[in-house]
Amino acid sequence: MAIDGSMNIVQIQSMTWTTATFMDNCQARQDISGWLETITAKLTGSKILVHAQFTGILVCDGSVGFKRDGNVVVDNWLGTDRDNDSGYHDSNTYSGMYLDNFSTTAGQTYSYQMTTIVTGCGDDAWFNRDPSNSNNNGRSSLTLFEVSG
């Protein structure tokens, strides 16, 4: 940690996920294939700041979360509303940051896997596309920042 108490960025690992993906039967939490990133810690005792952005629709009461090394860290992080009908030819974009507040070990590689669950009136999820089967509605990303802490 810096003398003034702020965190400093040690490194950044980032990926862009472009696969137009439809997932059904998402009533139980599922991994989102292809939307993952790894980071190998340079310092012991640092933290990982996670930034995710996705374009899509989760019908309805759906959410996106993530796992670190196979264990759920947050399961209701980014989500969509109940409006499926009016958004049939449109997708929404969601973005958020989350400080994964654990202590890293230098040289250890950590894997972050994005997940989804949809538990409301439907159980379908669209990523990087809208329900009309267009794939021109945006892309998703996952960025991991190792921060001194």
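FYI, the numbering just counts along the sequence from 1.
Nearest heavy-atom pair across Met15 and Gly34 is CE-O, 3.3 Å. Heavy atoms only, all atoms of each residue included: Gln27 and Thr119 are closest at O-CG2, 4.0 Å. Here the closest non-hydrogen pair linking Gly96 and Trp77 is O-CZ2, 3.3 Å. Taking both residues in full, the closest heavy atoms of Ile39 and Gln13 are given as CG1-CG, 3.7 Å, listed atom of the first, atom of the second, then distance. Across all their heavy atoms, Ala125 and Val118 have their closest contact at CB-CG2, 4.4 Å. Closest of all the heavy-atom pairs between Ser103 and Lys47 is OG-NZ, 3.5 Å.
Between the side chains of Thr104 and Ser46, a donor-acceptor pair is found at a separation under 3.5 Å. Side chains of Tyr112 and Asp69: no donor on one and acceptor on the other come within 3.5 Å. Arg139 and Thr16 share no donor-acceptor pair across their side chains, judged by distance under 3.5 Å alone. Gln11 and Glu146 share a side-chain donor-acceptor pair at under 3.5 Å.
At least one side-chain heavy atom of Met97 sits under 4.5 Å from a side-chain heavy atom of Phe145. For the pair Val50/Leu142, a side-chain contact is recorded, criterion being any heavy-atom separation below 4.5 Å from C-beta on. In this structure the side chain of Phe127 reaches within 4.5 angstrom of the side chain of Trp17, judged on heavy atoms. Looking at Asp100 and Leu49, their side chains never come closer than 4.5 Å, going by heavy atoms from C-beta outward. Residues Ile117 and Cys26 fail the side-chain proximity criterion, which asks for heavy atoms closer than 4.5 Å. Between Tyr110 and Phe102 the shortest side-chain heavy-atom distance falls below 4.5 Å. Side-chain contact between Val147 and Ile48 is absent, with no heavy atoms from C-beta onward closer than 4.5 Å. A 4.5 Å side-chain heavy-atom check between Val10 and Asn8 finds every atom pair outside the cut-off.
Rounded to the nearest 0.5 Å, atoms CE (Met114) and CG (Asp31) are 10.5 Å apart. To the nearest 0.5 Å, atom NZ of residue Lys67 and atom CD1 of residue Ile32 are 10.5 Å apart. Atom CD of Gln53 and atom OG of Ser141 lie 4.5 Å apart (nearest 0.5 Å). Once rounded to the nearest 0.5 Å, the distance linking OG of Ser95 with NE2 of His51 reads 3.0 Å. Taking OG1 from Thr38 and CG from Leu144, the interatomic distance works out to 8.0 Å, rounded to the nearest 0.5 Å.
A donor-acceptor pair is defined here as one N or O able to donate and one able to accept, closer than 3.5 Å; such a pair exists between the side chain of Gln30 and the backbone of Asn25. A distance-only check finds a donor-acceptor pair linking the side chain of Arg29 to the backbone of Asp75 [under 3.5 Å]. Without hydrogens or angle criteria, Gln108 side chain to Ala41 main chain gives no donor-acceptor distance under 3.5 Å. Under a 3.5 Å cut-off, the side chain of Thr116 and the backbone N or O of Ser63 do form a donor-acceptor pair.
For an aromatic pair to be called close, the ring centres must be under 6.0 Å apart, and Phe66 with Tyr98 satisfies this.
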Tell me, with the steps shown, if Ser140 and Asn128 meet side chain to side chain donor-acceptor pair (under 3.5 Å). CA-CA 7 Å; Ser140 301; Asn128 303 324; 2.7 Å; yes
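Ring geometry for Phe54 versus Trp35: interplanar angle over 60°, hence perpendicular rather than tilted (30 to 60°).
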